[in-house]
Amino acid sequence: MTRDQESIENPMHVAIIMDGNGRWATERGLPRTAGHHAGIRSLRETVETAVQRQIHTLTLYAFSSDNWQRPQSEVRALMRILAAQLPSQAARCVRQNIRLSIIGRRDRLPDPVLQAVQRAEARTIHGTALHLRLALDYSARDSLTRAAQHIRNNGNGDFLQALMRAYNADSPVPDVDLLIRTGGEQRLSDFLLWECAYAELYFTPDYWPDFDGTKLDTALYAFQKRQRRFGSVSV
Ligand code: FPP
């Protein structure tokens, strides 16, 4: 199959709920944070494969607004990982011509994370090979509510614009074509509820640290076999 043929069949927008880091670590007698560290390799390999498969947008759920309820030690560890990883991931993105941006609330992120986010976005703004979006302090319900409030307060307006503004997306992206969730659970957990209206859902029991480019290919293959009708009938 040529690259052009592949790109016709592959989804434009893939979103991933990277679940199972904690269980991966616990099953190995390691602290849960070891699972988050291990998940970085999966993230790197998945991004590389997404570029090769000419996926337009990849949105990864790195930290949900509900994750603030986790033990403080785990939240702090996750924020430390983000602040430490973002500069090197941004450098990698520059080398691979990837644009990295963050969606979600910014007002509650610790300063070192916010600064790392802003630098990473500025450094990668011209990337065209893939738009990689990390969802941080993200809640679809919170974004939808704030978008509706914005429309109400301003009389009227474009809802999608208001939604993008509510979760700090600075450019429009296509709706999600394929939503992948690792870790065996089969739920959406407040992720991209609007954008997933017609997403194909793919659940795998693999914990996120066991996910890689080959497993992304397996999900893409499953996607290619789905018949999408968008509420219509097949012809
Ligand atoms: C869910 O597993 C995973 C997370 C809450 C964090 C995901 C974060 C990373 C992979 C690191 C991100 C790093 C960068 C640079 C973006 P879980 O803890 O809910 O696992 P469990 O369901 O087994 O408890």
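Side-chain atoms are counted along with the backbone in the values below, which use heavy atoms only and exclude waters and symmetry mates. Indexing begins at 1, ligand by ligand and atom by atom, following the structure's order.
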Ligand 1-proximal atoms of Leu134, by part, heavy-atom distance under 4.0 Å: side chain
Residue pairs fulfilling ring-ring contact (aromatic ring centres under 6.0 Å, His included) with at least one residue in residues 212-233, sequence neighbours excluded: Tyr198-Phe230
- prompt: In the protein, what heavy atom is nearest to atom 11 (C) of ligand 1, and what distance, to one decimal place, separates them?
  reply: His36 O, 4.0 Å
query: Can a non-hydrogen atom of Gly183 be found less than 4.0 Å from any atom of ligand 1?
result: no
- prompt: Does Trp194 CH2 have over 12 foreign heavy atoms under 6.0 Å away?
  reply: no
query: Side-chain donor-acceptor pair under 3.5 Å between Arg181 and Ser189, yes or no?
result: yes
message: Quick test: of every protein heavy atom, which one is nearest to atom 15 (C) of ligand 1, and how far off is it to 0.1 Å?
response: Gln85 CB, 3.4 Å
- prompt: Has Arg165 got more than 12 heavy atoms of other residues, nucleotides or ligands less than 6.0 Å from its CZ?
  reply: no
- request: Would you check whether Glu185 reaches within less than 4.0 Å of ligand 1, judged by its heavy atoms?
  value: no
- prompt: Would you say Asp19 contacts ligand 1, with heavy atoms under 4.0 Å as the rule?
  reply: yes
message: Tell me the contacting part of Leu60 for ligand 1: side chain, backbone, both, or neither, using a 4.0 Å heavy-atom threshold, strictly below.
response: neither
- request: Nearest heavy atom to atom 7 (C) of ligand 1 wins, so pick from Ile40, Thr33, Asp66, Asn21.
  value: Asn21
Geometric cation-pi criterion, Arg28 with Trp24: 6.0 Å, 45°: yes
- prompt: Relative to ligand 1, is Leu82 under 4.0 angstrom through side chain, backbone, both or neither, heavy atoms considered?
  reply: side chain
task: Of the side chain and backbone of Arg41, name the one, both, or neither that has a heavy atom under 4.0 Å from an atom of ligand 1.
output: neither
Below 3.5 Å, can you tabulate the donor-acceptor pairs from side chains in residues 84-96 to any protein atom, sequence neighbours excluded?
residue	atom	partner	partner atom	Å
Gln85	OE1	Gln89	NE2	2.8
Ser88	OG	Gln85	O	3.1

task: Using distance alone, with no hydrogens and no angle criterion, decide if Asp19 and Thr182 have a side-chain donor and acceptor under 3.5 Å apart.
output: no
field: Shortest heavy-atom approach to atom 24 (O) of ligand 1 - which of Met18, Arg32, Glu27
entry: Arg32
